[in-house]
Number of protein chains: 2
Amino acid sequence: MSKGEDSRKEIVASALAMASEVGLEGVTIGALAERTGRSKSGLFAHFGSKEELQIAILDEAVDRFVSLVVSPALKEKRGLPRVRALFERWLAWARADFMPGGCIFMAATVELDDRPGPTRDRLVSSEKDWLGVLSGAAKIAVDEGHFRPDLDCDQFAFELYAIAHGYHTLARLFRDRASEKRARAAFDRLLRDATISTETRPSARPSAKHH
Amino acid sequence: MSKGEDSRKEIVASALAMASEVGLEGVTIGALAERTGRSKSGLFAHFGSKEELQIAILDEAVDRFVSLVVSPALKEKRGLPRVRALFERWLAWARADFMPGGCIFMAATVELDDRPGPTRDRLVSSEKDWLGVLSGAAKIAVDEGHFRPDLDCDQFAFELYAIAHGYHTLARLFRDRASEKRARAAFDRLLRDATISTETRPSARPSAKHH
DNA sequence: CTGACAATAGAACGATCGTTCGAAAAATCA
DNA sequence: TGATTTTTCGAACGATCGTTCTATTGTCAG
């Protein structure tokens, strides 16, 4: 690896940590330069614009997310074990030490939801992918017979997403461990509901088809 | 009302709208002055510091939240109707036209969770209050016999909180109406679980309760 | 109408923002 | 090694940041 790639990697890693604390916009060229012991212009030359730096941060985060959350979970057995792994690793991701300010995606979502542009586009597509992974994992669990056949997998993904966001928000705001227990309890309830077949519920009839 | 109070109100209202789009830190004195047709220093004099302006924004948001969400819901019948009203009004709040950038509390939470100070303290206490209202409403529903007696009301509040945050996040990120349906479905599932007593869950049994 | 006081404006402050440019230093290749 | 390219730096740019002054305007009671 060339020298340039090396220092770019190092800069982006530092920028990722910084962005998790102060947001993508809060990662200032000057502050990042000082943090990494470089000159403003020397650092700036690696990216060409602040927007490119922000995209580099998001790309780095996606890479790490895939290698720390998605890939390991895909090595778990298909179905319920994989769904569990995705959830557990997601929780762990949100407290990763290289993001001392919390999940960068959740921070970026709030920051970018009103600012059209390539940075936002990158975030939207990666979040869409992630929801697809969650929904797909649920679908596999259905196929494996772990979940009920009429489960709405997109709905399952939404609720999983909501639980993780609720956990993250409250854990960071109140600085306690309680919300982790709450999140796990909510996840258990979600699993219970996905597992139990519909005919055991009052108003449901044994359905053959889903979708 | 004096002239000063009048313009302060007007400034804060404009600042609230702006903060929902660009965050509390993004509300710059200069931009806000131009937006409200005033001089920087004239506007600044109303607050004395940017931090005070941010607190004023949060206070204004709390006032509106109470009068648009909490108070009306408290006029609903105790128990389930009130819980429903809190949820529905919360969803509506998140799309209020005076916050074109979405819920200010959710934006502020991400922005302030790493920045200790009076602004963060204000936010934390108001979020704690809100979770207390939700939990309390669930408790009343238990007392009224609408929810099962062994319901964990704090857990209920957490899950309601998570659903609303998931809705808000995805609605703003993907700019579609789908997440509203998802949120309502998740809420229904939450209610179903809070309603059915625990002993009916493992095995199927036609319950008497429905809404 | 006048005097007191509140509200707003204008100009300027040092600091920092993202960005540009040309030169020095370091790394790479012949 | 010498030549060349890549990487880094220092200085400066105009713009904007929050904030502080002083001066001017507007409001309102006596």
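Here is how names work: the chains are called A, B, and so on, in the same order as the sequence lines, proteins then strands, and each is numbered from 1. Just so it is clear, the values below take in all heavy atoms, side chains as well, and ignore hydrogens, waters and symmetry mates.
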Chemist: I need the CZ-C1' distance between F44(B) and dA12(C), as an integer number of Å.
Modeler: 15 Å
Chemist: Are F187(B) and W90(B) an aromatic pair, judged by ring center distance below 6.0 Å?
Modeler: no
Chemist: Less than 4.0 angstrom between a side-chain N/O of H46(B) and OP1 or OP2 of dT8(C), yes or no?
Modeler: yes
Chemist: What is the distance, to the nearest angstrom, from the CG atom on L32(B) to the C1' atom on dT19(D)?
Modeler: 15 Å
Chemist: Check whether the side chain of S41(B) and the base of dG10(C) form a donor-acceptor pair under 3.5 Å.
Modeler: yes
Chemist: Decide yes or no on ring pair (Phe, Tyr, Trp, His ring centres under 6.0 Å) for F65(B) and W130(B), but give the supporting numbers first.
Modeler: CA-CA 10 Å; F65(B) 189 82; W130(B) 173 230; 4.7 Å; yes
Chemist: Take atom CD in E34(A); do more than 12 heavy atoms of anything else shown fall under 6.0 Å from it?
Modeler: no
Chemist: Take L191(A) and R84(A) through the test side-chain contact (heavy atoms from CB on, under 4.5 Å) and record every step on the way to the result.
Modeler: CA-CA 9 Å; L191(A) 287 187; R84(A) 292 202 118 100; 3.6 Å; yes
Chemist: Can you tell me how far P of dT19(D) sits from NZ of K50(B), to the nearest Å?
Modeler: 8 Å
Chemist: Among the nucleotides dT8(C), dT20(C), dT19(D), which one has an atom lying closest to any side-chain atom of S49(B)?
Modeler: dT19(D)
Chemist: Just how far, in rounded Å, is P of dC17(C) from CD of E34(A)?
Modeler: 10 Å
Chemist: How close or far is atom P of dT8(C) from atom CD1 of I29(B), stated in whole angstroms?
Modeler: 15 Å
Chemist: Side chain of T28(A): nearest nucleotide among dT19(C), dC17(C), dT20(D)?
Modeler: dC17(C)
Chemist: Taking atom types as they are modelled, would you say the side chain of K40(A) forms a donor-acceptor pair with the base of dG10(D) within the 3.5 Å cutoff?
Modeler: no
Chemist: I need the CG-P distance between L43(A) and dT19(C), as an integer number of Å.
Modeler: 12 Å
Chemist: Could you tell me if the ring centre of Y167(B) sits under 6.0 Å from that of F158(A)?
Modeler: no
Chemist: Please give, in whole Å, the distance from dT7(D) P to D6(A) CG?
Modeler: 10 Å
Chemist: Phosphate oxygens OP1/OP2 of dT8(D): is one of them under 4.0 Å from a side-chain N or O of S7(A)?
Modeler: yes
Chemist: Between P on dA24(C) and CZ on R38(A), what's the gap in Å once rounded to a whole number?
Modeler: 22 Å
